[in-house]
Amino acid sequence: MDANIRIAGEAGQGVQSAGELLTSAFHDMGLHVFSTQSYMSRIRGGVNSYDIRISDEELHSGREDCDVLAALTAESFATEKKNVARGGLVALDGAAGPDALSLDMTAAAKEAGGARMVNSVAAGIVFALLGYDIEPLAKAIGKAMSKKGEETVGANIEAARRGVALAAGHEGLVKAPVPGERRGELYSGSEAVGLGAATAGVKVVCSYPMTPSTGALTYLASVADRYRIVVEQAEDEICAANLICGAAYAGATAMTTTSGGGFALMAEGLSLAGMLELPIVIMLSQRPGPATGLPTRTGQEDLLFAVHAGHGEFPKIIYAPGTIGQAYEMTRRAFESAHKFQTPAIVMTDQFLTDAKKNIPELPGALDPVDAHIETAPGADYVRYAVTESGVSPRALPGGEAFVVCASDEHTPDGHLTEDLTARKAMQEKRMRKAALAAAEAMPPEFYPEPDETVLLCWGSTYGPCREAVDILRAKGRKVCMAHFAQVWPVWAGAGGALEGRRVVSVEGNSTAQFALLLRQCGAVSRFDSILRYDGLPFTGAEIARRFKS
Amino acid sequence: MSGTAKLKETAWCPGCGNFNILKSLDAAIDTAGLDRKRLVMVSGIGQAAKCPHYTDANVFNGLHGRALPAATGIKIANRSLTVIVASGDGDMYGEGGNHLLNAMRRNIGVKAFVHNNQVYGLTKGQASPTSEPGFVTKIQTKGVVLEPLNPLALGVAENCSFVARSSSVMPEHLTAMMAEAIKADGFALLDILQPCVSFNKINTAKWYKERCKELPADYDPSDREAAFAAALKWGDEIPVGIIYRGTRRSFEDMTTALAGEPLRAFSG
Ligand SMILES: Cc1ncc(C[n+]2csc(CCOP(=O)(O)OP(=O)(O)O)c2C)c(N)n1
Ligand code: SF4
Ligand SMILES: [Mg+2]
């Protein structure tokens, strides 16, 4: 049993804070929650919405339709009314709408102390329509607003109560899941990436703000004192990429966060990290392009760009977490791999995953640094780029007994620049041996529930929607499974074998099925069908199931 | 010292000003009493940017224009290291101009020595941000029309910790300026006028020798207005010396996370 609640209004009305209040209240009540945001690239006006899906079972994605729509403006009502599920209810602020309960939320908010609290009134109405007692909401308001003072908390609780009163006579009209025990903790994708980085021992974070990557940066800044991290806003992404290269050279675990346009500016720095063999980590949170594209929407359009980013040839490792829990794990793993192979690693997320919130088992918050693989006692004959069988050279840090020399020009093992073409060849082969090593350790995909005749192939944030689609299709007797890749580069060598003889349907948030193309390039698939979405919104399980053709 | 020794053979043209700069740098490192194991020489790309390879020190020779971000990252990771940038005018004032502005704003404890030959040497003689109006090249065939960048005035405007000028034609003065820059707290910019015998036939050694004049003994580098006036002076007389000393605290001192032990994973 699940219900989807949508709060819609214009930017500046507190749609997001109402959504967060409800999310936290529902979670505290012991419901499973999955919330997603859809907002415009503006600070005021437009139509923004916040969905909170609740259930008595674990959730993996959002829904397109909703059971309760709380519309704070006529415009948001006009946009969203078609998405109300059969049996659903609409609460509209103010004047009468033909298919809506017209409840004067603004007036109620004013009575409680100010029109700004219309979002708390809406939250109260939602609770009433679902037939839930308002206490958990009052508690959530207290928790979220404690810093603003008792008066604000009291006024917002009053606003919520007035919302309940407004909904009198309609209590419990929407079927709602029965709360159970409080399960796990709530995290957004941004927080999970940030916490993964902080616990992995990141010490230098340097970024230029860009939606949707800014959430992770903000989170890291908020925990900087706790984990002793320098979070520095760069003058541009070129600075960010080069600054973390410098920091990594001198021994600090370093990362940057960005989105497509910023990542494009980092391409030269990425190549530098490949050449200098520096362990840097980049979180690339995708949004639709090209160019500035849709700044606040979601997409998976940068896969092939990331795989090929940076001039020249060098090893690179790319993870694409599918869930909020994986966002934490894959970020940690990116730091591990970057240090192990002394090369850049990228964590690809997107607006959907970074902004989504879900209750998951509590993530370990204790500092648990990854192995930095540092040579602490370089000998008398130490050189930074010793040609080794594995391709990995012992990495010492400047300030110790041996000089550490590196050059973005081709170099001899001692790090000094060279135009000796034999030395060049040996050095290129040394670097690329690390690519082979990284490929041998690539992660296999997760099959859900188990390999079957048809495979929904996916990567990154499409995990949840695909998984729900598989459940829906299997319930109808279809022999469909999911194969989700949380590491997209290097591609796991067993991919071809695992997919052989199965029909592959690639489900991706782009218009060209980039991952399937990549697998074809690797020889892992030959033919495939695809279900693609590139309107800037995330997939839902129901949508994939509907679009699936046997 | 172990393993990695400096490159013995330079890639510079005979008669190039870079040789004197390198000599002064070595002398200044010793004058300032630096432990070379704890010194990192950082550069971008260009003829000047090869300089770190010819020093006995740790070397980070990064990308064209990006020496300062890398140097900033190094200083943040381990503030106990001395971090000196030695790179060209094209690298530091052209490709990396925004980073220069922001290194000044950050007041990060990095010492930037700019080998300013008023031309792009490595790429064979195109105009640089400090080329004089009218300077003819194979690209600027009718002469440069852009107003030259004034890095010193920028440094004064940004209240930079240390702003100075010297030249490779006056090696002792240059050594002294470098040593002062190394000692200064916060960001230091030292603009070093340098002849390029191959591609700049206007601003020659003779040209610099005739014009470079030390600031008077009673010049007060803490007087910002006087510093602006000195920074703007260019032509028959070019002032050399410490133009300006700001009083801002360094980025390292203002950043909570940088108090105490270096940030780097391994301390030894
Ligand atoms: C991104 C990038 N653009 C262009 C170049 C080519 N390039 C190398 S050095 C240089 C200019 C060098 O001028 P300057 O910094 O003044 O150094 P100089 O050789 O005069 O000492 C240019 C344009 C490059 N290496 N990288
Ligand atoms: S090109 Fe000019 S700056 Fe470069 S080494 Fe030759 S003389 Fe010196
Ligand atoms: Mg030059």
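Residue numbers begin at 1 in each chain, while the letters A, B, ... track the order of the sequences. Atom set for the values below is all heavy atoms of this structure, side chains included, hydrogens, waters and symmetry mates excluded.
Atom-to-atom distance recorded for Cys406(A):SG and Asn61(B):CG is 7.5 Å, nearest 0.5 angstrom. Separation of atoms CZ (Phe403(A)) and NZ (Lys6(B)) is listed at 9.5 Å; rounding is to 0.5 Å. Here the CG atom belonging to Asn78(B) is positioned 14.0 Å from the NZ atom belonging to Lys203(A), to the nearest 0.5 angstrom. In this structure, Cys245(A) SG and Arg66(B) CZ are separated by 12.0 Å, a value rounded to the nearest 0.5 Å. Here the straight-line distance linking atom CD1 of Ile244(A) with atom OG1 of Thr72(B) works out to 13.5 Å at 0.5 Å rounding. Residue His53(B) holds its NE2 atom at 10.5 Å from OG1 of Thr418(A), rounded to the nearest 0.5 Å.
In this structure, His416(A) contributes its side chain and Ala5(B) its backbone to a donor-acceptor pair below 3.5 Å.
Leu63(B) places a side-chain heavy atom less than 4.5 Å from the side chain of Asn242(A). Side-chain atoms of Leu7(B) and Leu417(A), non-hydrogen and from C-beta on, do get closer than 4.5 Å to each other. No side-chain heavy atom of Val40(B) sits less than 4.5 Å from a side-chain heavy atom of Val404(A).
Here Ile238(A) is the residue among Ile229(A), Leu276(A), Asp409(A), Ile238(A) with the most heavy-atom pairs under 4.5 Å with chain B. Chain A forms the most heavy-atom pairs under 4.5 Å with one residue out of Gly65(B), Pro69(B), Ala71(B), and that residue is Pro69(B). When Ile76(B), Asn58(B), Thr256(B) are compared by the number of non-hydrogen pairs under 4.5 Å with chain A, Asn58(B) comes out ahead. By number of non-hydrogen pairs under 4.5 angstrom with chain B, the leading residue of Asp225(A), Val231(A), Val230(A), Val204(A) is Val230(A). Considering only heavy-atom pairs separated by less than 4.5 Å from chain B, the leading option among Leu272(A), Val383(A), Thr412(A) is Leu272(A).
Counting heavy atoms of neighbouring residues, nucleotides and ligands inside a 6.0 Å radius, atom NZ of Lys340(A) does not exceed 12 of them. The neighbour count for Gln428(A) CD, taken as heavy atoms of other residues, nucleotides or ligands under 6.0 Å away, is above 12.
Proximity to chain B is limited to the backbone of Gln233(A), based on heavy atoms less than 4.5 angstrom apart. Using a 4.5 Å cut-off between heavy atoms, Ala259(B) contacts chain A through its backbone alone, with no side-chain atom that close. For Ala224(A), no part lies under 4.5 angstrom from a heavy atom of chain B.
The stretch residues 92-105 of chain B places Asn98(B), His99(B), Asn102(B) near chain A, each with some heavy atom under 4.5 Å from a heavy atom of that chain.
Salt bridge absent: Arg228(A) and Glu261(B) never bring a charged side-chain N and a carboxylate O closer than 4.0 Å.
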Determine whether Phe251(B) and Glu232(A) satisfy the following criterion, side-chain contact (heavy atoms from CB on, under 4.5 Å), listing intermediate values before the conclusion. CA-CA 11 Å; Phe251(B) 179 85; Glu232(A) 180 61 0; 3.5 Å; yes
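Screening residues 244-278 of chain A for ring pair (Phe, Tyr, Trp, His ring centres under 6.0 Å), with sequence neighbours left out, gives Tyr249(A)-Phe60(B), Phe263(A)-Phe305(A).
Gly62(B) and Ser408(A) get closest at one heavy-atom pair: O-OG, 2.7 Å.
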